[in-house]
Amino acid sequence: MEINNNNKPNNLAERAIFSRRESKFLSELNIMQREAVETVDGPLLVLAGAGTGKTRALTARIAYLIENKYAKPNQILGVTFTNKAAQEMKLRIAKYLGETVEGMPWLGTFHSIGAKILRRHAELVKLKPNFTILDTDDQLRLLKQLISFEKIDEKRWPARSLAGLIDHWKNNAWIPDKLPPTEVNKFDGKGQKIYKLYQERLRILNSVDFGDLILFPILLMQSNNELLEKYHNIFRYILVDEYQDTNVSQYLLLRLFAEGHKNICCVGDDDQSIYGWRGAEVKNILSFEKDFANSKIVRLEQNYRSTPHILGAASSLISANSSRLGKKLWTNISEGEKVRLINHWDGNDEARWIGEEIESLGFGTRGMKPFLYNQIALLVRASFQMRTFEERFIQLGLPYRVIGGPRFYERKEIRDAIAYFRASISFDDGLAFERILNTPKRGFGDKSMQILNELAREQNIGLMSAAKFAIDNGKLPSKLTIELDNLLKNFKRWNSDFFDKSKKHTEVAEMVLDESGYTEMWQSEKTPDSAGRLENLKELIKALDEFENMQGFLEHISLIMEMETDKDIPKISIMTLHAAKGLEFPVVFLPGWEDGLFPSQRSMDQKGKIGLEEERRLAHVGITRAEKYCVISFASNRRIFNQWQNTIPSRFINELSEENIEILESQNAFQSYSDGWNRTNEKDQILNHNNYNSPGWKRMSSKIQKKNFSLNKEFAPFIASIPENFNKGSRVFHQKFGYGIIEEINSDNVKVIFEKSDSKDIKASFLIHEDDV
DNA sequence: CCAAGGCCGGTTTTT
DNA sequence: CCGGCCTTGG
């Protein structure tokens, strides 16, 4: 087989190095992956289907570039969409190159790289280098102010939709003065005006929003040739992950950078483009060849992840889409399970069934070895679907975690604390100041807040400066003036403490929370969750400890909203299909395949066929997450807006190729259409259902009982004996308690000392030998 | 100024 | 069923 060798170094010494390294990571690659790695110069598009080793190729490419001295680590621009992806890539590169790789400063998300560039040249766009990055909450607060200043009815023109609009404009790299005519008059005819005001206000607050992190670097590079050349010199090689998700702005920025060495390598999969709604342009990947002259395309089509049945089902589904570049995924993984399809009576039954199925999978069922809970994922279309499952799993005692759920940094107490830190670090950060001005209660209500905000606007200054002004000019009642003066003095002190190198930032942070009365506020509150909030604050300080200083930490959290939580116990992952992209699991459940829910009615209404195709890609992403076992389910009834609705199966179900599907026997009650359920009034339905009196439920519950019985029988022989490889000292695994060492064995009971818990007497059947895990 | 209670409206996906 | 927003009463 011929491989593109054009770019291999030629002198002997380098070739010697090359051949040595080659064995290290190139040998793990297939022909096409190698081509993606070794086609070093010029624009390259790698079309990589799901599970085809995209990340492997990408990281090998970076390692290859460094190893063969095409570029130093700091001359490679590597862009990903999530911090997780960036993190993983760094780890893998380090593994390829040995432990000695120094960090790659330009490997990160679009937004973090944008922020880095912008901090270096903030003055050029009239910002200070320590600008704050607003989160959605702050942004909304600011927009609300503007909307009310403009006397716009917020009921009809909500801040949220304005935020969406501005986001949309920034995704397209439209600055206020260059809005297309069609956009100018959106939002009650005042779109452009408010956009301008908003940017003006951001500048005064020394803040940027997410969109600015891409937009400003573009403006910088477009308006300053010298600067652009400087970056051309730095970025000798550019790599982009998930290219199908880039929006116009991101594309423009990449293009500006790529004009230098023209070494841009984009990796993506048009079939996994699922972010059209937030500005991603599939067009970018579809027109790569046109956009970058003399480009080359490499296709990765060998799938290493899924069984042929899973792959077959996914391929048949996605083939219903018309706008595709087209790929044929194949695998040489041998036959596995077919994709299962099951219908349920309603959402609760679906959750009940999946709960049971997961329990069975934990022991080994359907001829498969037992799975650990962290090998199992539940992927839903919309987050409201999660709750039913959570409730069910709690009842069953199944450990789970919600990915992308309520996030640590979004909790009230954490955001409050951070607002204190932000206002301490930057006196321009009026939004942070506004947030905590009356938290804890200091007697500032709507009235005084309004006075301050008006002052800020009149004088074109930030809220803290406005506060100072109000004190000096007696704009507030004396009581508030004293209070405010006190607070400002505190902030001054905290500020110098944070910048005092002899003081530890974590201690200053604790001091800020204590002296401001914030900790006390929670201590004196007796609601059940106030203790938890104090715990969270401690966690926050702990997280803070991992950073050099407060600025570093604030930068981190504005870009990363996630935090590592305990992962000692394997947990079922519950997440949206969107959040699942890039991940893989041995077992995947895909519930809720009903028309209107999935595909989502809203997507179809808004964007018609385009929307439907994106939904289909989402389904394709879902199925292709699965390695060994994939279950698709749909319910005949679902409660939406607290109303029971008859639902029809998702049109995607009929697009699955039959030979890859096995239909599981369900306890469904389609018959119910004729047994009086259909046209009874809503109340009766709910009543019936809650009381579990319906014929459908009775029928079902008897089946469940039978099923439980037979399950236990199946387990009987399993329970009776102790596996051969269980000995004193063996390391074993338990789904709930994690790993432990066997201390004693008596008949079928085993005493285990768990690493993360005490010792326990446990039936051997609940344990798995570590070798079998 | 604040806390509590009632009412309405909205629920896709997020760096 | 939840949260945001408004009204009401202290």
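Letters go in sequence order (proteins before strands), and every chain restarts at 1. Just so it is clear, the structure is predicted and the values come from calculations on it, not from any experiment.
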| Between A:Tyr198 and A:Gln139, does a side-chain hydrogen bond (donor to acceptor under 3.5 Å, both in side chains) hold up when you go through it step by step? | CA-CA 9 Å; A:Tyr198 171 67; A:Gln139 195 194 11; 3.1 Å; yes

| Taking atom types as modelled and ignoring hydrogens, do the side chains of A:Asn284 and A:Thr246 form a donor-acceptor contact shorter than 3.5 angstrom? |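 Yes, A:Thr246 and A:Asn284 have a side-chain donor paired with an acceptor closer than 3.5 Å.
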
| Contacts to DNA chain B from residues 574-583 of chain A, heavy-atom cutoff under 4.0 Å, which residues? | A:Thr576, A:His578

| field | Aromatic A:Tyr275 / basic A:Arg278 pairing, under 6.0 angstrom, 45° off normal | value |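 Geometry flag: set, cation within 6.0 Å and 45°.
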
| DNA chain B: 5'-proximal contact among A:Thr82 and A:Lys447 (nearest heavy atom) | A:Lys447

| said: Let me spell it out: for each of A:Thr80 and A:Ala382, pick the nucleotide of DNA chain B with the closest heavy atom. Which residue's pick is nearer the 5' end? | reply: A:Ala382

| Touch class at under 4.0 angstrom, heavy-atom based, for A:Phe110 against every strand present | nothing

| So what does A:Ser603 touch, heavy atoms closer than 4.0 Å: a base, only the sugar-phosphate, or nothing? | base

| Would A:Tyr275 pass as stacked on B:dT14, i.e. its ring centre under 5.5 Å from the base's six-membered ring centre and planes under 30° apart? | no

Measuring from the side chain of [X] (C-beta onward, heavy atoms only), which nucleotide among [options] has the closest atom?
X        : options               : value
A:His111 : B:dT11, B:dC2, B:dT15 : B:dT15
A:Arg602 : B:dT15, B:dT11, B:dC1 : B:dT11
A:Arg387 : C:dC1, B:dT15, B:dA3  : C:dC1

| Between CG of A:Leu476 and CG of A:Asp485, what distance do you get to the nearest 0.5 Å? | 11.5 Å

| query | Hey, what do you get for CG (A:Leu480) to CG (A:Asn486), rounding to the nearest 0.5 Å? | reply | 12.5 Å

Starting from [atom2] on [N], measure out to [atom1] on [X] and report it in whole angstrom.
X        : N      : atom1 : atom2 : value
A:Leu476 : B:dC1  : CG    : C1'   : 14 Å
A:Lys116 : B:dT15 : NZ    : P     : 20 Å
A:Gln139 : B:dT15 : CD    : C1'   : 12 Å
A:Leu480 : B:dC1  : CG    : P     : 7 Å

| Are A:Lys144 and C:dC5 close enough that a side-chain N or O sits under 4.0 Å from OP1 or OP2? |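 A:Lys144 to C:dC5 OP1/OP2: side-chain N or O found under 4.0 Å.
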
| So, is A:Asn438 close to the B:dC1 phosphate, meaning a side-chain N or O under 4.0 Å from OP1 or OP2? |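 The answer is no; no side-chain N or O of A:Asn438 sits under 4.0 Å from OP1 or OP2.
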
| field | side-chain contact (heavy atoms from CB on, under 4.5 Å) partner of A:Leu58, chosen from A:Leu239, A:Val240, A:Thr80 | value | A:Leu239

| task | Specify whether A:Tyr231 and A:Phe235 have parallel, tilted or perpendicular ring planes, treating 30° as the upper limit for parallel and 60° as the lower limit for perpendicular. | result | tilted

